[in-house]
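Below you'll find the structure, written out as structure tokens, and then a few comments.
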There are 2 protein chains.
Amino acid sequence: MTTILDSEIDSQAAFYNIAAVERDTGLSKDTLRVWERRYGFPKPQRDQHDERLYSLPDLEKLRLLRLLIDYGHRPGKIINRSTAELSQMISARTPEKSPPPELAAIIDLLLQHDVERFRNALLQALMKQGLLRFVTETVAGLNHWIGEAWLAGRIAVFDEHLYSEHIQNILRNAIIAQPGRGSGPRVLLTSLPGEKHRIGLLMVEAVLTAEGAACVALGTETPIIDIKNAVPAYRVDVVALSFSSAITQTAALAGLAELRTLLPAAVEVWGGGGALARARKAAPGVLLLRSFDDLRYALERWRVENAQR
Amino acid sequence: MTTILDSEIDSQAAFYNIAAVERDTGLSKDTLRVWERRYGFPKPQRDQHDERLYSLPDLEKLRLLRLLIDYGHRPGKIINRSTAELSQMISARTPEKSPPPELAAIIDLLLQHDVERFRNALLQALMKQGLLRFVTETVAGLNHWIGEAWLAGRIAVFDEHLYSEHIQNILRNAIIAQPGRGSGPRVLLTSLPGEKHRIGLLMVEAVLTAEGAACVALGTETPIIDIKNAVPAYRVDVVALSFSSAITQTAALAGLAELRTLLPAAVEVWGGGGALARARKAAPGVLLLRSFDDLRYALERWRVENAQR
DNA sequence: CGTGGTCATATGTCTTGGACAATATAAGGA
DNA sequence: TCCTTATATTGTCCAAGACATATGACCACG
């Protein structure tokens with residue numbers, strides 16, 4: 001096992017072993033080896049025992065490739081282009097749109113790395129608009145703009161991380177401030193394994209809590225079996241799943257359909273998020289929510305239908 | 001590519017492919033294969049194309065093995081013992097099977113799935129103890145007990161998810177309630193790719209903020225390159241990384257050493273968390289924090305050393 | 001013109017068995 | 001008791017092959 005430390009100390013040039021590259025790019029060791037075999041890139045140096053040593057430029061190019069593949073390009077088509085070309089593809093992908101004026105001030109503070117004032121701007125927007133409008137307008141708008149800017153490489157990774165953390169702080173703060181009354185349904189809120197985006201879930205939780213529903217939030221990536229087991233334990237009326245555009249629409253619909261078959265008919269299954277925004281129809285007994293208005297409407301409908309009990 | 005979803009859905013009996021086992025136990029695919037070759041465990045079934053299908057009992061035993069190895073046992077010595085024996089070794093290790101009395105009430109509410117009262121109990125503990133004691137005593141104690149219970153299979157997956165969400169809500173609520181920055185250093189707070197545990201980071205952020213430091217929290221899994229780029233952007237004085245016991249000590253120390261070489265000498269590098277609790281020494285210029293007292297001491301030392309400027 | 005189905009290709013993950021570096025343990029000597 | 005050296009243990013890497021799934025192209029149908 002050659003540690004990164006050794007390789008960096010022995011020669012001043014920075015080299016990375018395959019485990020470090022997997023960690024930094026998210027590409028598995030198997031993928032890295034098979035790309036080398038099939039496409040000839042990356043073709044790292046070897047140490048005295050034939051173990052791969054990747055260079056920093058290789059790492060940069062691999063990161064660009066990862067970005068473009070996530071956006072929908074095929075590896076085989078782009079892997080042999082130069083780093084400069086790839087970089088250009090990313091900046092050319094989305095025309096440089098400036099954010100809508102009501103968000104521009106907040107985004108400016110983020111891009112200027114002014115943490116304190118960024119935090120305060122978010123808090124002020126929340127105070128001014130109230131939770132519902134803050135979530136459905138400001139946070140949704142910011143998410144959209146930041147997501148696009150991230151794909152286009154116009155925003156640094158660490159800025160995106162900081163944004164996500166602060167939005168989480170604000171939303172969770174707002175959620176906990178709500179009184180815990182329970183006139184509405186008990187809603188179990190989570191995502192399936194592979195879906196790591198938390199902000200969408202928190203937005204839904206904020207809206208539902210504000211509307212008086214009782215949320216049981218399990219965070220992201222709960223295995224289906226465990227969702228099934230949680231339903232009786234928490235006496236849940238509705239299971240709501242969130243799917244960001246990181247997951248394919250097919251996978252999202254399949255997951256919802258499977259969950260539907262596992263749960264008793266009395267428990268409703270709702271699905272929403274970017275991956276389902278363009279979906280036409282789901283499995284029978286699964287409700288698709290394409291907007292926050294849909295969500296509030298679904299809640300109202302549940303209350304009407306279950307008024308007798 | 002067989003997804004975990006498929007293997008769990010297609011047959012009602014729960015089977016897990018090797019990628020799912022890697023994800024759930026933290027043991028690499030290579031390790032799982034070499035254990036099978038050398039020790040004969042785990043010896044999973046195969047599907048129609050000779051791919052491994054692990055059973056749920058295998059998964060349980062692997063979890064116990066992982067825990068005992070983390071405590072210092074050698075794989076070869078314990079791998080062929082029965083699950084019951086391993087389970088007994090763990091409970092023998094921790095004399096207190098029941099949680100300490102001051103935590104028992106809170107844990108009971110979690111295990112009884114009483115969401116509202118669980119939330120209120122946490123809030124009350126926070127009010128009563130103040131943020132510092134709440135974090136270093138209550139949250140640390142709960143983490144420890146829940147972590148052990150989870151690894152020993154005494155607590156449901158969804159309960160652990162719910163716990164994590166609520167602790168996050170409370171901690172982020174407390175963090176945002178702090179007044180702005182004080183006199184302390186600017187501390188960049190994050191974890192390296194592969195380290196997904198958020199609660200430790202939030203605990204540190206809460207303590208640092210309470211002590212008057214200005215935190216720049218990037219959440220989990222920030223690639224090293226992006227940490228390097230964030231340091232000048234946010235004019236950071238200290239980079240603090242968290243490593244839970246999900247990562248090996250070797251990997252944690254290597255990551256810290258690599259970061260040290262990438263950052264200017266004026267920027268301090270701190271590391272802490274379960275993975276480093278038993279580490280002897282780190283690379284030169286890297287400070288290991290083995291407790292929250294160490295953290296507060298390091299903060300004080302920084303203030304003294306940087307008082308003149 | 002859109003919708004759905006079939007086929008070919010592209011792509012990622014899994015397989016085996018061998019090799020060896022890093023780590024832990026044991027043994028020896030100051 | 002502490003440090004050094006030898007030995008055993010253990011995790012990671014390698015190679016090339018295989019194949020399931022995802023994607024894209026083509027075609028037929030309403």
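Because the structure is a prediction, the values reported are computed rather than measured. So that the names make sense, note that chain A is the first sequence line, chain B the second, and so on, each numbered from 1.
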Select one nucleotide: of [options], the one nearest the side-chain heavy atoms of [X].
X       : options                : value
A/Glu51 : C/dC14, C/dA19, D/dC13 : D/dC13
A/Arg38 : C/dA19, C/dT11, C/dC14 : C/dT11
A/Arg74 : D/dC13, D/dG11, C/dT11 : C/dT11

Taking only N and O in the side chain of [X], is any of them less than 4.0 Å away from OP1 or OP2 of [N]?
X       : N      : result
B/Arg52 : C/dT16 : yes
A/His49 : C/dA19 : no
B/Arg46 : C/dT16 : yes
B/Ser28 : D/dT12 : yes
B/Lys29 : C/dC14 : yes
A/Thr31 : C/dT11 : no
A/Tyr39 : C/dT11 : yes

Are the side chains of [X] and [Y] in touch, meaning some heavy atoms are under 4.5 Å apart?
X        : Y        : value
A/Ile78  : A/Met89  : yes
B/Asp58  : B/Lys61  : no
B/Arg33  : B/Arg37  : no
B/Ile227 : B/Leu192 : yes
A/Val21  : A/Leu27  : no
B/Leu288 : B/Leu256 : yes
B/Asn17  : B/Glu51  : no

Is there a donor-acceptor contact under 3.5 Å from the side chain of A/Ser191 to the main chain of A/Glu221? yes

In whole Å, I'd like the distance from the [atom1] atom of [X] to the [atom2] atom of [N].
X       : N      : atom1 : atom2 : answer
A/Asp47 : C/dA19 : CG    : P     : 17 Å
A/Gln48 : D/dC14 : CD    : C1'   : 15 Å
A/Glu22 : D/dT12 : CD    : P     : 10 Å
A/Asn17 : C/dA21 : CG    : C1'   : 12 Å
A/Ile18 : D/dG11 : CD1   : C1'   : 15 Å
B/Leu32 : D/dT10 : CG    : C1'   : 14 Å
B/Leu53 : C/dC14 : CG    : P     : 11 Å
A/Asp30 : D/dA16 : CG    : P     : 14 Å

Please report how far the helix from C/dC1-D/dG30 to C/dA30-D/dT1 bends, comparing the axis fitted to its first five pairs with the axis fitted to its last five, to the nearest 10 degrees.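 If I round to tens, the end axes sit 40° apart.
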
Hey, is the side chain of B/Arg37 pairing donor to acceptor with the base of C/dG18 inside 3.5 Å?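 Indeed, a donor on one side and an acceptor on the other fall under 3.5 Å apart.
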
At less than 3.5 Å, do the side-chain atoms of A/Arg33 and the base atoms of C/dG12 form a donor-acceptor pair? no

First of B/Ile69 and A/Val34 reached from the 5' end of DNA chain D, by closest nucleotide: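 Closest to the 5' end, via its nearest nucleotide, is B/Ile69.
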
Tell me what B/Asp50 touches on the nucleic acid: a base, only sugar-phosphate, or nothing, going by heavy atoms under 4.0 Å.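 Answer is sugar-phosphate: B/Asp50 comes under 4.0 Å of backbone atoms only.
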
